[in-house]
Amino acid sequence: MPVAASAIYFLNLRGDVLINRLYRDDVGGNMVDAFRMHIMQTKELGTCPVRQIGGCSFFYMRISNVYIVIVVSSNANVACAFKFVVEAVALFKSYFGGAFDEDAIRNNFVLIYELLDEIMDFGYPQNLSPEILKLYITQEGVRSPFSSKPSDKPVPNATLQVTGAVGWRREGLVYKKNEVFLDIVESVNLLMSSKGSVLRCDVTGKILMKCFLSGMPDLKLGLNDKIGLEKESELKSRPAKSGKTIELDDVTFHQCVNLTRFNSEKTVSFVPPDGEFELMKYRITEGVNLPFRVLPTIKELGRTRMEVNVKVKSVFGAKMFALGVVIKIPVPKQTAKTSFQVTSGRAKYQASIDCLVWKIRKFPGQTEPTLSAEVELISTMAEKKSWTRPPIQMEFQVPMFTASGLRVRFLKVWEKSGYNTVEWVRYITKAGSYEIRVFFLWELALSFSGRFLLLFDLLGWDLTILRTRFLRHLITFSR
C-alpha cells in the first residue's frame, strides 16, 4: 500500500514554517526550502496542487492563511493524502472552536503535535474521528474569541469506543420512541436537442437517514437494484421476483456500512450513527424516467417580433404533483415588450436574466399546460449580433417520485432488547441541470428548402437565380 506522507509542514503565506512533523526518514528536514524556491517564489501556487521536484513529490493545499504541504519520496496515494489533510483540518477546527489559521496554530503547538502523533503512523493515516480522539486527548485548544461554539464534553467508555468496531456511535442511548427516517433524494440532469432526442441524461442520488434508536441496533436495507435481487435469489435458491430492477453506478457508502457483507450478500447492513447522516450516494445512467417533457417552438416574425409557444407535459402519475416548477425561456437582449397567455401558473419577463419566467406552484401529473407569448424587439440601425439561443431551463421538485425507479424493498431494525420501531420512507426528485434546446421554425424552412433545391439540381433544372434569391430571403428573415 503506498504511503500518504513522509513529512507534513504547516507554512504561513510568507513561507515560514509554523509547525512540521517527519514520519519517515526518506526525506530531509530541509525539503520545505525546495517548496519555497520552486513553487512559492515562482508564483505557481494556483496551477497544480501536485508537483515533483527532484526525487520528491509535493502535495499542498491552502486553508485560510496557512499552506499545508505533504512531502513524499516514494510512490504515494495522492487521494489519500488530500483526504487526510481535509479530515485533519476538520479535526483541528473541532478542537480550536471552528477556527484554523496562523494564530490558531501558534496558540496550540503542543496540542497539534499530540494530534499529529495520533492521526498518522509511519506515513499511514489512522483514526481522525473527533468524537473518538476527544475521548482520550481531553486537552482543550485555545479557542478563537470569534467562535461561539461550546466545547464538546467527552463521553464515558473511552476504551470501548477507541478499540471497538463502532467508532461513530456511543453506547447508552435511550429514546422513548424509536424512529428511523429515510429519504431518497435524486437530481435529474438532462440535455435534450431541439428535435426531442436526448443528448445526455443521468440521475445522481443520495440516501439520507435520521435515526433516533436506543442501544446498538443493526439495520438492514434492501433496494430493488439488479445485483442485490440476483444475489438474494441465489442465496435463497429461488427465482427472483418480477418487477423493475435498476443498476447502480459509482456507489459510495458511509463508513458505518459493513462492506464485507455487502460484497458477499449485496445487502446494505450497518450500525447507524445517532442523528442525521448520509448513508450512500449513487448514479444512474440507464432507464431514467424523465418527470417532464418540454415541447418548445419559437417563431421569428421579421426583425422585431417573435412568437413563443411552450408545452410542458408531466409524465409521472396523475395522483402525484410537482412543487415549485419554474421554466426559464431565453429571449434576446433587445426585448422591449412581452405579452403572455398561460393555462396554468404565472409568467413574466425578467430583463436581468433575459428570460421569460413561467412559474407553476403545484403541477399535477399527466397534465399539459401551455404558454404562448409574443415578444417585441427593439429595432436598431446598427448591425444585429447573432443570438446564441441558450436552452430552456427547468426547476422542480416531485415528491414520492424517483427518476431512477429506485425503491426500498425493506428496512429491518434489530436490537437485542427487541423494541418496536417506526420506519418512515420518503422519495423526492429535483432538477439538476435540466435543459432543452429551442426549436426555430425558420430552421425547418431552411432545411426543407435545401432539400428541394438539391432535388431540382438532380433533375437538371437551371435554378441558380431562384436559389440565390430564396436563400437571400431566408437569411434576411432569420436576422
Side-chain angles (χ1 to χ4, degrees), residues 190-199 292-314 325-360 363 367-395 434-457 463-479:
L190 169 71
L191 178 59
M192 182 175 290
S193 70
S194 59
K195 298 180 181 179
S197 59
V198 177
L199 302 178
F292 292 98
R293 290 198 174 272
V294 183
L295 303 174
T297 303
I298 295 182
K299 185 188 299 183
E300 293 188 353
L301 306 176
R303 298 172 62 90
T304 59
R305 286 186 58 211
M306 294 176 59
E307 285 186 1
V308 179
N309 295 283
V310 178
K311 179 188 293 186
V312 182
K313 181 179 180 180
S314 54
V325 178
V326 180
I327 302 101
K328 297 179 181 179
I329 307 161
V331 293
K333 287 183 177 292
Q334 61 270 25
T335 299
K337 183 180 178 182
T338 57
S339 58
F340 301 93
Q341 288 183 354
V342 294
T343 58
S344 179
R346 295 182 178 181
K348 65 177 181 179
Y349 168 62
Q350 288 191 3
S352 59
I353 58 176
D354 298 321
C355 286
L356 308 179
V357 181
W358 182 16
K359 295 183 178 180
I360 304 176
F363 199 128
T367 57
E368 297 183 10
T370 59
L371 174 143
S372 300
E374 291 188 0
V375 180
E376 295 184 8
L377 307 177
I378 300 174
S379 180
T380 59
M381 298 300 295
E383 184 178 354
K384 181 181 173 183
K385 294 183 178 180
S386 60
W387 185 34
T388 57
R389 304 176 200 167
I392 293 177
Q393 297 180 344
M394 280 196 70
E395 301 174 5
Y434 208 89
E435 298 180 344
I436 301 93
R437 292 179 178 173
V438 182
F439 179 74
F440 285 80
L441 283 182
W442 75 267
E443 290 180 340
L444 180 64
L446 184 61
S447 176
F448 276 103
S449 66
R451 293 177 182 177
F452 278 116
L453 290 175
L454 178 60
L455 177 61
F456 295 154
D457 222 8
L463 298 175
T464 305
I465 299 176
L466 177 62
R467 183 190 298 112
T468 304
R469 290 180 179 178
F470 189 68
L471 290 176
R472 186 183 302 167
H473 173 72
L474 283 175
I475 293 172
T476 305
F477 180 74
S478 65
R479 289 179 179 175

Could you give me the CA-CA distance, side-chain angles and deciding distance for Thr335 and Asp354, then say whether side chain to side chain contact (heavy atoms under 4.5 Å, CB included) is met?
-> CA-CA 8 Å; Thr335 299; Asp354 298 321; over 6 Å; no

Decide yes or no for [X] and [Y]: does some side-chain heavy atom of the first lie under 4.5 Å from some side-chain heavy atom of the second?
{"X": "Leu191", "Y": "Arg437", "answer": "yes"}
{"X": "Arg293", "Y": "Met192", "answer": "yes"}
{"X": "Val308", "Y": "Ser372", "answer": "no"}

Gap separating the [atom1] atom of [X] from the [atom2] atom of [Y], nearest 0.5 angstrom:
{"X": "Lys348", "Y": "Leu356", "atom1": "NZ", "atom2": "CG", "value": "12.0 Å"}
{"X": "Gln393", "Y": "Lys328", "atom1": "CD", "atom2": "NZ", "value": "6.5 Å"}
{"X": "Thr304", "Y": "Ile378", "atom1": "OG1", "atom2": "CD1", "value": "11.0 Å"}
{"X": "Lys337", "Y": "Leu377", "atom1": "NZ", "atom2": "CG", "value": "13.0 Å"}
{"X": "Leu301", "Y": "Glu374", "atom1": "CG", "atom2": "CD", "value": "8.0 Å"}

With no hydrogens and no angle check, is any side-chain donor or acceptor of Thr343 less than 3.5 Å from a backbone partner on Pro369?
-> no

Donor-acceptor contact present, side-chain Trp358 to main-chain Ser344, <3.5 Å = yes

Mind checking whether Phe363 and Phe292 have ring centres under 6.0 Å apart?
-> yes

What are the two closest non-hydrogen atoms of Gly345 and Ile360, and how far apart are they?
-> CA-CG1, 4.2 Å

So which of [options] actually passes side chain to side chain contact (heavy atoms under 4.5 Å, CB included) with [X]?
{"X": "Ile298", "options": "Glu307, Met306, Arg389", "answer": "Met306"}
{"X": "Leu371", "options": "Ile329, Asn309, Ile327", "answer": "Ile329"}
{"X": "Lys359", "options": "Val325, Val342, Val326", "answer": "Val326"}

Going through the distances and angles, do Cys355 and Gln350 end up as a side chain to side chain contact (heavy atoms under 4.5 Å, CB included)?
-> CA-CA 6 Å; Cys355 286; Gln350 288 191 3; 5.6 Å; no

